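Take a look at the structure below.
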Amino acid sequence: MDAQVIRSSSESPSARNTGYATQPPLQRFLANCYEEFKSDNSGAVADYIPELRRANPAHFGVALVTIDGHIYEVGDSAVPFTIQSVSKAFVFALALEMVGEERVAAAIGVEPSGEAFNSIRLTNDNRPFNPMVNAGAIAVASLIKKDSAAAGVRMFIEKMQLAAGRKLRIDGAVLASETTTGNRNRAIAYLMLNFGIIDNDVNHTLQQYFSQCSLLVNCRDLAIMAATLANMGTNPVTAEPVFDFQYIKDVLAVMFTCGLYDHAGEWAYRVGLPAKSGVGGGLLAVVNRQLGIAVYSPRLDAKGNSVRGIMVCRELADRLGLHAFEFTNVGSSFMQSML
Ligand code: DON
């Protein structure tokens, strides 16, 4: 993939491939990021789930979607990969909608753990630290699962389809691989069963969780999903309401403090955006009331976050002044000048 593969769906006359100089500023921003970071080959593709090893380490795509529905893309933004832990942000929203804040809070905390995503550790009151780590997401899966595993997974897929604005499916090979190798997640689940955080249907809960991680998406889907969060729960491309707007602030707050595991503090300091990463190589970030951005690049750092994903988001925050607390970040009026 080369830098020629730069697309914009904004369809304003200036966006229709009239050359680099006449591209809208956000398209130029993506093209610059692509050129600047594509030669960085640091990090490694996740291999603890055998099926994830198959990812092409060279793949690199970026997509950005504004809350008024403009889509900008560069590189491998249409390549499918599994959503993995990026799903945790969305199932947290689903749990808040389905069972309410009180039941969610009784089962799961909102404190950054300062530990790896798969840590087998609970808080002093025996709850998972937050919904963005495996323990918290497994507890969320237990809350939202339906009577049959198939019905729970279908409900999850339907919600995610609304957020992406297109049909999605589970990657059966990744699901099988997750299920076969997921003993650490089983250990976490049984620990939570011991403390009454999840019910007896441990296999059913884990099936829900493993299926959620195995949803196939592409970078453009994740950017639309991120923009849906930025747009108070309504998909800005389809105009469909997806998530209940009253819970968006809860989801973004936890993404801000816990979305990148033991890199979360550094991320809040340097990038300053609610975000979520996954070991499939996807990473999304939300600029509240302005835009969603997603990166796909499967080479991960030691903490399981996409190396180029972090670079692109940091560039977004630095170059466009979009850190949540940056004085230049004055809301959607600023973005209007970039379209
Ligand atoms: O639980 C697991 O091991 C994976 N299926 C999901 C992990 C993941 O993406 C963590 N994120 N960085």
Side-chain angles (χ1 to χ4, degrees), residues 43-55 80-92 108 112-121 128-142 153 156 160 170-192 198 202-203 205-217 219 221-222 225 254-255 257-264 266-267 274-285 294-310 313:
V45 169
D47 59 3
Y48 76 102
I49 296 170
E51 204 54 30
L52 294 182
R53 279 184 211 139
R54 294 160 59 91
F81 58 95
T82 51
I83 190 167
Q84 297 295 336
S85 287
V86 181
S87 60
K88 291 175 169 115
F90 301 103
V91 285
F92 178 43
I108 306 144
S113 66
E115 295 199 21
F117 65 86
N118 57 3
S119 166
I120 310 183
R121 212 186 121 210
F129 277 85
N130 64 69
M132 302 295 135
V133 293
N134 287 14
I138 293 168
V140 163
S142 169
V153 174
F156 162 74
M160 298 304 276
I170 303 288
D171 183 323
V174 172
L175 175 57
S177 202
E178 295 253 1
T179 308
T180 315
T181 59
N183 289 331
R184 196 174 171 105
N185 286 323
R186 280 185 194 94
I188 293 170
Y190 278 100
L191 183 66
M192 292 195 294
I198 65 171
V202 175
N203 284 337
T205 291
L206 285 168
Q207 200 175 338
Q208 179 79 28
Y209 171 74
F210 291 140
S211 303
Q212 288 166 187
C213 292
S214 306
L215 187 74
L216 271 175
V217 291
C219 192
D221 296 327
L222 289 190
M225 292 173 183
V254 178
M255 288 169 70
T257 52
C258 311
L260 271 80
Y261 317 111
D262 39 345
H263 184 70
E266 185 80 17
W267 174 271
K276 191 70 204 80
S277 61
V279 293
L283 190 155
L284 61 74
V295 183
Y296 171 54
S297 176
R299 283 200 182 95
L300 310 179
D301 64 18
K303 294 176 176 176
N305 301 312
S306 168
V307 174
R308 290 174 181 153
I310 290 179
C313 291

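Numbering of ligands and ligand atoms starts at 1, following listing order. Please read all numbers here as calculations on a predicted model, not as lab measurements. By convention here, the first residue in the shown sequence is residue 1. All values below were derived from every heavy atom in this structure, side-chain atoms included, with hydrogens, water molecules and symmetry-related copies excluded.
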With a 4.0 Å heavy-atom cut-off (strictly under), which part of N118 contacts ligand 1: side chain, backbone, both or neither? neither

Which is it for R184 and ligand 1 at heavy atoms under 4.0 Å: side chain, backbone, both or neither? neither

Could you tell me whether K88 and ligand 1 have an N or O pair separated by under 3.5 Å? no

Is there a nitrogen or oxygen of V279 sitting under 3.5 Å from a nitrogen or oxygen of ligand 1? yes

Determine whether more than 12 heavy atoms belonging to other residues, nucleotides or ligands lie under 6.0 Å from atom CZ of R186. yes

Between Y261 and N305, is any side-chain donor less than 3.5 angstrom from a side-chain acceptor? no

Protein contact of atom 3 (O) of ligand 1 - nearest heavy atom, named by residue and atom, plus distance: Y48 OH, 2.6 Å

So among T181, L175, V174, T82, which one has a side chain to side chain contact (heavy atoms under 4.5 Å, CB included) with E51? V174

Which protein non-hydrogen atom lies closest to atom 1 (O) of ligand 1, naming both residue and atom, and how far is it? Y209 OH, 2.5 Å

Applying a 4.0 Å heavy-atom criterion (strictly less than), which segment of F210 is in contact with ligand 1: side chain, backbone, both, or neither? neither

Closest protein heavy atom (residue, atom, distance) for atom 6 (C) of ligand 1: Q84 OE1, 3.2 Å

May I ask you to check whether S85 has an N/O atom sitting below 3.5 Å from an N/O atom of ligand 1? yes

Nearest-contact summary for atom 11 (N) of ligand 1 - protein heavy atom, Å: Y261 OH, 2.7 Å

Would you please classify the geometry between the F81 ring and the Y296 ring as parallel, tilted or perpendicular, with 30° and 60° separating the classes? parallel

